[in-house]
Amino acid sequence: MKAERGTILPGSATIIRNGRIIDPANKRDEVGDLLIVDWKFAEGSQLSTKKSQPEEIDATNLIVAPGLIDMHVHLREPGFAQKETIASGARAAAAGGFTTIVCMPNTSPPADNPSTIAWIKDRAVETACVNVLPTGAISRNLSGEELAPIGLLAQAGVVAITDDGHCVQNNAVMRRAVEYARMVNLPVLDHCQDYNLVGNGVVHEGYWSTLLGLPGWPAAGEEAIVMRNILLAELCDHHIHCQHISSAGSVRLIREARARGVKISGEVCPHHIALTDEAVQNFDTNYKMNPPLRSQADADALLAGISDGTLSILASDHAPHADFEKEVEFDAAPFGVVGLETELGLFLDLLVHKHGKIGMMRLIEMYTVEPAKLLKIDAGTLSVGATADVTLIDPQLEWTVCAGEFQSASHNTPFDGWKLKGRAVRTIVGGKTVWKL
Amino acid sequence: MTRWNRKDLVGLRELSADEINFILHTADAFKQVGTREIKKVPALRGKTLVNFFIEPSTRTRTSFELAAFRLSADVINISAGSSSLTKGETLKDTARNLEALHADIFVLRHSSAGAPHFLAERLKASVINAGDGAHEHPTQALLDLYTIRDKRDTISGLHVVIIGDVLFSRVARSNIFGLTKLGAFVTLVGPSTLVPREFEKLGVRVSHRLDDILPEADVVNLLRIQHERQRKEYFPGIGEYTRLFGLTKERAKRLKPDCLIMHPGPINRGVEIDSEVADGLQSVILDQVTNGLAVRMAVLYLCGGIAT
């Protein structure tokens, strides 16, 4: 089914029958029925007052989860509609099982001012079939030099500030941004990259960069900024979330800091555990992303970090680029891969089925409760009264990734043709089915 | 039975020892052509070769051009400044337009590692790598191998020392792949920033002590050293480099008498090599240039023959 938006009629009701209800917010894991009345979860007693016959959805052998949240997505609008639009990105999210996505501010113009945020929110209301929550920039024009109007961005409704795609290099500017964000109660998300250490690096600095003569992107270039963020989170007593963690050293730093109670967290993208830098040997630009694919030891450390809770958020870093933009020399290609329509399948396949690193409850928690808590948003639960965002997951379904069938406007994935086990089969936003397999 | 079935030469890493030896053997035959009164054979008559140099080069471009002329091919030269790449056309589109004009062979020099690989996958025409970023420069390594084999009869068992800016050198990488496949023992020497230990994983030795290594060498291959913008943080300066790693007249005395001195050019006299050493009896730098022509004729002939 093509993902579509819609509104529900007042008085309508839906019963999702006989599914395995997993609701980490309420520590619930049991087979049962889930009732939706209007756009909210309801109790059985509320049903009898309704006149119309409820719609029945058979969820036998399916997992009924709170609508999943991907807190790291590039929707490219305004400015780069050849890559993605808010509408197409939202359809990709629905097809991947996501009811809420958090979009990054590196658009054109960048989301560093309240009017661009207002435009994105309007556009989302008009065209998106899932909930779209914007982030605002840390610095004006993402330049890392002067602070963006963080207070006004907060009033405009951003859920976090970040210069994602860029990284504030000046530690004093970053320190003030974190202090200021604390005042307006916004978490700070950071793309961790020391520009001097990384230089013009395009692939992990190691065996393959040496062999291929491609400029290396050393793990230390990420770790230096993760360390900086730990120090600033401590200094400012405010939360900094490190996006797309890729290296073993970063995992170790975050683990140690969290053990001391520092307000620091880390996120993992599927490509960093599914692939290693060996994949770049044919110069295929679908393996070029930032941070780059690293070594097997790094991928193993990420798995361990997911396992012990050091890394608490799963996300895609969905980064669409048009075919013609990626169809160039490796150095010249833009960084990034699409991820919304493959991430749940990859994480289910790798984390739950293949490596047994976490159970279904934790995986869903990392996609719901954890981002909701971090961003302080009202989502990620099946509690009665909450907005009825639901993802139905078939954990055993075997399927093959087909980039040609993506809802996203772009197809830049390294996973085309991969056989995976487990995927979302139906996505419900505010009580309305917006996509089903 | 042909022992060559590749339309492209993108690097030496992909080649077997047999394939490398087959190119060198084929080059033997072409070397004779250069000594004849009429330096031309009809091997590629009617074929069109595009010298596609996105990065400046005189020596390599001229060598390929001459090689193509001697094989009776028609040659078009395209450089970055004169191409539509400056108008924003992609490499792929420029190449496919040239292919639509029935170009048969592309000789590509490009600043991005992997660019020849990229084109080879997308064109029916042959793609010959004339140097891609810091990745490979296969015909340079082949002419180095040819020269060593020519002077020393064999390559297997020889100790070849490559000195200088290895990290950024496509010549070094292609030489490492070629030499190790043919059984040579390779030592890389240079500052630790330009010769990182990671290279040991390619099956070679890394050293930062030139004076200890020189007496053991059968061949020294010196790389051009520059101290421009991109290298400023890698070493303090030319003066210090020459003191530590330059092949000075004094140092050259430590070499075995039959040790060959090679350089891919262009040389910086007085920097990585003393002028007298460059012109000395052990130097085979000009032989390399001459052999390059024969090697490139062999490569064009072999790959051009497959693409038909």
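The chains referred to below are lettered A, B, ... by the order of the sequence lines, with proteins before strands, and numbering in each begins at 1.
Heavy-atom pairs under 4.5 Å with chain A peak, among Arg122(B), Glu121(B), Arg170(B), at Arg122(B). Between chain B and the options Val328(A), Val202(A), Asp284(A), the largest number of non-hydrogen pairs under 4.5 Å is found for Val328(A).
Counted within 6.0 Å of CD on Gln296(A), heavy atoms from surrounding residues, nucleotides or ligands total more than 12; the atom is thus considered enclosed. Other residues, nucleotides and ligands contribute over 12 non-hydrogen atoms within 6.0 Å of the CZ atom of Arg231(B).
Using a 4.5 Å heavy-atom cut-off against chain B, the contacting residues of residues 273-283 of chain A are Gln281(A), Asn282(A), Phe283(A). Using a 4.5 Å heavy-atom cut-off against chain A, the contacting residues of residues 182-202 of chain B are Glu198(B), Phe199(B), Lys201(B), Leu202(B).
Rounding to the nearest 0.5 Å gives a distance of 9.5 Å between CD of Glu136(B) and CG of Leu212(A). Of the inter-residue distances, the one linking Asp331(A) atom CG with Ser111(B) atom OG reads 7.0 Å to the nearest 0.5 angstrom.
Screening residues 204-231 of chain A for ring pair (Phe, Tyr, Trp, His ring centres under 6.0 Å) gives no qualifying pairs among residues at least two apart or on separate chains.
Within the 4.5 angstrom heavy-atom criterion, no atom of Phe168(B) approaches chain A. Proximity to chain A (any heavy atom under 4.5 Å) is shown, for Ser169(B), by neither the backbone nor the side chain. Proximity to chain B involves both the backbone and the side chain of Glu327(A), based on heavy atoms less than 4.5 angstrom apart.
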TODO: For the pair Leu91(B) and Glu329(A), evaluate side-chain contact (heavy atoms from CB on, under 4.5 Å) and give the outcome as yes or no after the intermediate values.
DONE: CA-CA 8 Å; Leu91(B) 177 67; Glu329(A) 303 90 309; 3.5 Å; yes
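A donor-acceptor contact shorter than 3.5 Å links the side chain of Arg173(B) to the backbone of Thr210(A).
Taking Arg13(B) as the reference, nothing meets the salt bridge (Lys or Arg N to Asp or Glu O under 4.0 Å) condition, with sequence neighbours excluded.
Scanning both residues, Ala113(B) and Gly213(A), for their nearest heavy atoms gives CB-O, 3.9 Å.
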